[in-house]
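To start, the structure under review is shown below, and the notes come after it.
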Amino acid sequence: MRWSKLYLPTYKESPSDAEIPSHKLMIRAGAIKKLTSGVYTFLPVGFRVLRKIEAIVREEMDAIGSQEILMPILHPAELYEESGRLQNFGPELFKLNDRKQRMFALGPTHEEVVTDLARAEMRSYRQLPQTLYQILTKFRDEIRPRFGVMRAREFIMKDAYSFHDSDESLEVTYQDMAGAYHRILDRCGLDHMMVEADAGVIGGDVNHEFIVLTEAGESEIFTCSCGYTANSERAESLGQPLSSNESVAEGSPVRVETPGQKTIDEVSAFLEADPSQLVKTLLYRSEGQIVAALIPGDRSLNEVKLMKLLGDPQVQTLGDQEILDVTGAPVGFSGPVGLPKSTRIIADKLLESYEGMIVGANENDAHLRGVKMGRDFVPTETASISEAKAGDTCPRCAKYELVTQRGVELGHIFKLGKKYSRSMNATYLDRDGKDHKFIMGCYGFGVSRAVAAAVEANHDERGIVWPRSITPFHAIVLPINVSDDHTIKVAESIYAELSEQGLDVLFDDRDLRAGFRFKDADLIGVPLRITLGERSLRENKIEIYYRGEDRSELVDPGNVAGLIKAYYDEKPAA
RNA sequence: CGGGGCGUAGCGCAGCCCGGUUAGCGCGCCUGCUUCGGGAGCAGGAAGUCGGAGGUUCAAAUCCUCUCGCCCCGACCA
């Protein structure tokens, strides 16, 4: 490919709406171009990377016996009514009507469609197990698209679905998939981790996420040296020893004036108490009922856990006015003592070890000290609803402390069980001619997100450094002086030689200053640059520059192809 | 959904508060000359419905109303 013919717009400046390195660099390197919020065009460079990742995914899927199909993007809404996800998926589901006002959805994933396919086409246990996959564009009306293709509304995903007649069979495929995902990420040169996760709107019991470790990742994961790994939505914890313990007030709680002290920080400073001794009372509405969630003041609520506990994905926080109506006090002074009787009070498990606690008084500018759970208020139930924190005791081994890392979720695999086959009545006949619901699994991998994650994990201040397995070009041939006949002649022959070997080579034939072109080459992240300068050519030497190592060497023209071949035959550095 | 910010040339921005020349600047783009191994210099040039609609005014990028879009923060402050 000759650069002069390639559509590759590079920019010196980042667009103002880009925040994280991968987004900035992908725009600057001409890999993607935004059409509208959360919707991107892949330009030639970005598309090449996407294609390479797709190819790796296909190879690994095919290798475990998964078969590629292509399902529609446009789905009739009735399927989602059947599965119940028309409600549960909520506003994230893109809905639209046809001219007859029939409702459709743009596929966010394909559980319904594939289950519909299976119930029509898979009739016998003899056909099982069966695994199907596809790579295509998905739509989710994200509440807040951001970070370029990292969190987009339209994105490319590989999704696979498996059908089984036993849990054992599902387990085999599940493990095959986990293995394939590890290999895919290894081959893409991405450092990653498999963690326990929450199943969200997909459903099912067992599920794991594949997280690529990067600073700017949106996922927080917890790990323990005992081997426990989980994401923040899922992670349990045994908390930490309390540094202090509020003493229980004699008889009944003590009311203290806390004028204008609303936040945990303010109240704890004002009362000279440790934030852990305060208890947050978070008010929610779930199916018409008011829910008060109590958690330690130094922790955050895990809304996913709360939703699961309530069995209601639509849990809503109360507004300021509603809080005033329910508690009789403005935001900042809510507490569990004296709430309306109909309130469902859920206390975090960690509160069980508390003696006394400090809570809002449900009265403006006042808190209660020395409150004892069980005496001053009785929770409807206790459950683990707070988020784990770094330093908490591991829930698995109860010995070591949890450590947090950030990352990007690229893969998510689920044992769905019969969730969809039951709601959609998808059955097969067993050996005895009896009906059974399919046991299913589903396995997603964010292909377009993987491009961004690869950049996020592989860049420096000058630009992208593509992992060698997914680089848009294996090498860039850069003749310094494009009007020097000898330079061009040698460059052309090297370009031809490499191309013949099946390598993707970019030939920078532009009549521009060397510095400018070096900057461009660094920016777009081609791992190897073959530089031909008049001076070194006079001594019959050509420079190979290793982008990732910021190192160059002078070699004989005859050795260039061999060295490059060798570079790409090495195992990709993980 | 709540709060805030921003829409001015392909990109990044100034001008707006306090209305009044042909609406500027940097990058990029085009032409020429010089330069030519780390985002060159000089000279000349093209390019803008000032997001859209309505209003106020002799006069609107600037003031008012509505609207669309984009971005950030929040939605665990309690």
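Letters go in sequence order (proteins before strands), and every chain restarts at 1.
- Taking atom P in both B:rC58 and B:rA14, the straight-line distance is 33 Å, to the nearest Å.
- In this structure, A:S14 reaches the sugar-phosphate backbone alone: every heavy-atom distance under 4.0 Å involves primed, P, OP1 or OP2 atoms, never a base.
- Taking the ring centroids of A:Y545 and A:F518, they lie at or beyond the 6.0 Å cut-off.
- With hydrogens and angles left out, the side chain of A:N481 and the base of B:rG37 share no donor-acceptor pair within 3.5 Å.
- Ion pairing between A:K305 and A:E387 fails under the 4.0 Å rule for side-chain N and carboxylate O.
- At the heavy-atom level, A:I143 lies under 4.0 Å from base atoms of the strands shown.
- Of the candidates B:rC76, B:rC71, B:rC72, the closest approach to any side-chain atom of A:S300 belongs to B:rC76.
- OP1 or OP2 of B:rG69 has not a single side-chain nitrogen or oxygen of A:T36 nearer than 4.0 Å.
- Comparing B:rG55 with B:rG45, their P atoms are spaced 39 Å from each other, to the whole Å.
- Of the candidates A:R462, A:R529, A:R510, A:R510 is the only one forming a salt bridge (charged side-chain N to carboxylate O under 4.0 Å, His left out) with A:D520.
- Closest to the side chain of A:K12, from the set B:rC27, B:rC76, B:rG37, is B:rC27.
- Nucleotide B:rG12 forms a pair with B:rC25, judged by Watson-Crick or G-U wobble geometry with both contacts under 3.5 Å.
- Toward the 5' end of RNA chain B, the nearer of the two residues A:F333 and A:R517, judged by each one's closest nucleotide, is A:R517.
- Between A:E355 and A:K372 there is no salt bridge, since none of the side-chain N atoms of the basic residue sits less than 4.0 Å from a carboxylate O of the acidic one.
- Contact annotation for A:Y284: backbone-only contact, meaning every heavy-atom pair under 4.0 Å involves sugar-phosphate atoms and none involves a base.
- One atom, CG of A:L324, and another, C1' of B:rC77, lie 15 Å apart when rounded to the nearest Å.
- Side-chain atoms of A:K280 lie closest to B:rC76 of the nucleotides B:rG12, B:rG39, B:rC76.
- Atom C1' of nucleotide B:rG39 and atom CD1 of A:I480 are separated by 14 Å, given to the nearest angstrom.
- A:G332 comes within 4.0 angstrom of sugar-phosphate atoms only, judged by non-hydrogen atoms across all strands, and of no base.
- Checking B:rC1 for Watson-Crick or G-U wobble geometry (two distances, each under 3.5 Å) identifies B:rG74 as its partner.
- Distance A:I323 CD1 to B:rC1 C1': 15 Å, rounded to the nearest Å.
- Checked against B:rG12, B:rC71, B:rU35, the side chain of A:R513 finds its nearest nucleotide in B:rU35.
- Applying the 3.5 Å distance criterion, the base of B:rG28 shares no donor-acceptor pair with the side chain of A:E13.
- B:rC76 and B:rG39: their C1' atoms are spaced 46 Å apart (whole Å).
- In this structure, CE of A:M307 is placed 11 Å from C1' of B:rA75, rounded to the nearest angstrom.
- Closest to the A:K34 side chain, of the nucleotides B:rC72, B:rG12, B:rC71, is B:rC71.
- Residue A:F47 qualifies as open at atom CZ: its count of foreign heavy atoms under 6.0 Å is 12 or below.
- Within a 6.0 Å radius of CZ in A:R551, more than 12 heavy atoms belonging to other residues, nucleotides or ligands are found.
- With B:rG39, B:rC77, B:rC71 as the candidates, the nucleotide lying closest to the side chain of A:R28 is B:rG39.
- At a threshold of 4.0 angstrom between heavy atoms, the contacts of A:D520 include nucleobase atoms, whether or not backbone atoms are also involved.
- The salt bridge (charged side-chain N to carboxylate O under 4.0 Å, His left out) with A:D508 is formed by just one residue from the set A:R513, A:K519, A:R517; it is A:R517.
- When the nucleotides B:rC70, B:rC76, B:rG39 are ranked by their closest atom to the side chain of A:E303, B:rC76 comes out on top.
- Base pairing of B:rG32: its partner is B:rC42, meeting the Watson-Crick or G-U wobble criterion (both donor-acceptor distances under 3.5 Å).
- Nearest-nucleotide positions on RNA chain B place A:T531 closer to the 5' end than the other of A:T531 and A:N302.
- Contacts of A:E19 with the nucleic acid, taken as non-hydrogen atoms under 4.0 Å apart, involve only primed sugar atoms and P, OP1 or OP2.
- In this structure, the nucleotide among B:rG69, B:rC76, B:rG37 sitting nearest to the side chain of A:F518 is B:rG37.
- Picking from B:rC70, B:rG37, B:rC76 the nucleotide with the shortest atom distance to the side chain of A:R535 gives B:rG37.
- Within the nucleic acid shown, A:L523 comes within 4.0 Å of at least one base atom, counting heavy atoms only.
- Judged by atom type and distance alone, A:T263 does not reach the base of B:rC77 through any side-chain donor-acceptor pair under 3.5 Å.
- You'll find that the side chain of A:S536 is closest to B:rG37, out of B:rC71, B:rC36, B:rG37.
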